[in-house]
Amino acid sequence: MTGSSLVSYLLRVVLPDAPGSLGAVASAIGAAGGDIVGVDVVEHRSGGQAVDDFLVDLPPGRLPDSLVSACRSVADVTVEFVGHYSPGAHLHRDLEAVEAMTADPHHAADTLVDLVPGVFRSGWALLVSQDNGRLVVERTAGGAPESLGQVVPWLPMPGPARIHTDDGWAPDSWHDVVAVGTPLEVPTRAIVLGRDGGPGILDSELARLTHLAALASVIRNGTRPTAPA
């Protein structure tokens, strides 16, 4: 079977933060016919739980419900989200993003935006600024919703923030979006990370985005960066 015939899914799974739990979930997914392409531990929660994102390929005709059932067959495991993931999408790590930004310091912010969907398994990313109170889109990656020229309440952005789409400003293309942003050097310029329909963006993911944005600024200004935590 060729790779192009497979269908990719992203699963967000909550499991016990204990030895053997990850292996048990991976084995259950494999038994259900899933081929695990990547796994990221995205959060450690109080009460001894971890949140992991699994990128899984399934043969055509196999329903994602089979993956959910497989995960739930493992004791104390729940599935918070399952959804299609863009076929052939590239996966990246935080350190790879830093290395790519360092290779072209002048365009560090653009590079980061290009890599955000792969680093965070998100649908899209934006580099935005503000001109006369309206949104200016400087760069997009992935299937970002239409945003040019909007008056948005989340800019200026003095610090990392969740972007709410239920307070009247959002066009139809934003209504099913979960998004966060973090300022890039000044409050009127920001990097936005978004997903259409989920999963929700965790506090740990927003913290990572903020750290990478800070590194982009450091790299562009010529200061030697430190590796991401």
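The first residue of the sequence shown is numbered 1, and numbering continues consecutively from there. When reading the values below, keep in mind they use all heavy atoms of this one structure, side chains included, and skip hydrogens, waters and symmetry mates.
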**Report entry** Arg12, Arg72, Arg45 screened by salt bridge (charged side-chain N to carboxylate O under 4.0 Å, His left out) with Glu80, the one that passes
**Finding:** Arg45
Requested in this report: List for me each residue that meets side chain to side chain contact (heavy atoms under 4.5 Å, CB included) alongside Ala70, sequence neighbours excluded, and say none if there are none.
Outcome: Ala28, Ala32
**Report entry** Hphob cluster co-occupancy, Val7 + Val82, side-chain heavy atoms under 4.5 angstrom
**Finding:** yes
Query - Side-chain touch Val51/Ser204, heavy atoms, less than 4.5 angstrom - result: no
Query raised in the report: When rounded to the nearest 0.5 angstrom, what is the spacing between OG1 in Thr188 and CG in Asp131?
Result: 10.0 Å
Query - Check: Glu185 and Asn221 side chains under 4.5 Å, non-hydrogen atoms - result: yes
Query - Main-chain N/O of Val42 paired with Arg208 side-chain donor or acceptor, under 3.5 Å - result: no
Query raised in the report: Would Leu11 and Leu202 show up in the same hydrophobic cluster when neighbours are defined by side-chain heavy atoms closer than 4.5 Å?
Result: no
Query raised in the report: Taking all non-hydrogen atoms of both residues, which atom of Ser8 and which atom of Asp57 are closest, and how far apart?
Result: OG-OD1, 2.6 Å
Query raised in the report: Which atom names give the shortest non-hydrogen contact between Glu205 and Phe120, and what distance separates them?
Result: O-CE2, 3.4 Å
Requested in this report: To the nearest 0.5 angstrom, please state how far the CG atom of Asp104 sits from the NE2 atom of His106.
Outcome: 8.0 Å
Query raised in the report: Taking it one step at a time, do Asp203 and Arg162 satisfy salt bridge (Lys or Arg N to Asp or Glu O under 4.0 Å)?
Result: CA-CA 10 Å; Asp203 290 344; Arg162 296 188 176 275; 2.7 Å; yes
Query raised in the report: Which distance, rounded to the nearest 0.5 Å, do you find between the CG of Leu126 and the CD of Glu138?
Result: 10.5 Å
Contacts under 3.5 angstrom, residues 13-23 side chains, donor-acceptor by atom type, not counting sequence neighbours:
residue: Asp17; atom: OD2; partner: His44; partner atom: ND1; Å: 2.8
residue: Ser21; atom: OG; partner: Pro16; partner atom: O; Å: 3.2
residue: Ser21; atom: OG; partner: Ala18; partner atom: O; Å: 3.4

Requested in this report: Mind checking the CG-CG spacing from Leu193 to Leu112? Nearest 0.5 Å is all I need.
Outcome: 10.0 Å
Requested in this report: Would you mind reporting whether Ile163 and Trp169 have side-chain heavy atoms less than 4.5 Å apart?
Outcome: yes
Query raised in the report: Where is the tightest heavy-atom contact between Ala179 and Ile201, given as atom of each residue plus distance?
Result: CA-CD1, 3.8 Å
Query raised in the report: Any side-chain heavy atom of Val180 sitting closer than 4.5 Å to one from Pro160?
Result: no
**Report entry** For Trp124, all residues meeting ring-ring contact (aromatic ring centres under 6.0 Å, His included), sequence neighbours excluded
**Finding:** Trp174
Query raised in the report: Using a distance-only test with no angle check, is there a side-chain donor-acceptor pair under 3.5 angstrom linking Ser173 and Glu146?
Result: no
Query raised in the report: Less than 4.5 Å apart, any side-chain heavy atom of Met101 and any of Leu115?
Result: no
Requested in this report: Measure the shortest side-chain to side-chain distance between Ile219 and Pro105 over non-hydrogen atoms and say whether it is less than 4.5 angstrom.
Outcome: yes
Query - Side chain to side chain, Gln150 and Leu155, heavy atoms closer than 4.5 Å - result: no
Query raised in the report: Given side chains that start at C-beta, do those of Trp154 and Leu135 come closer than 4.5 Å, heavy atoms only?
Result: yes
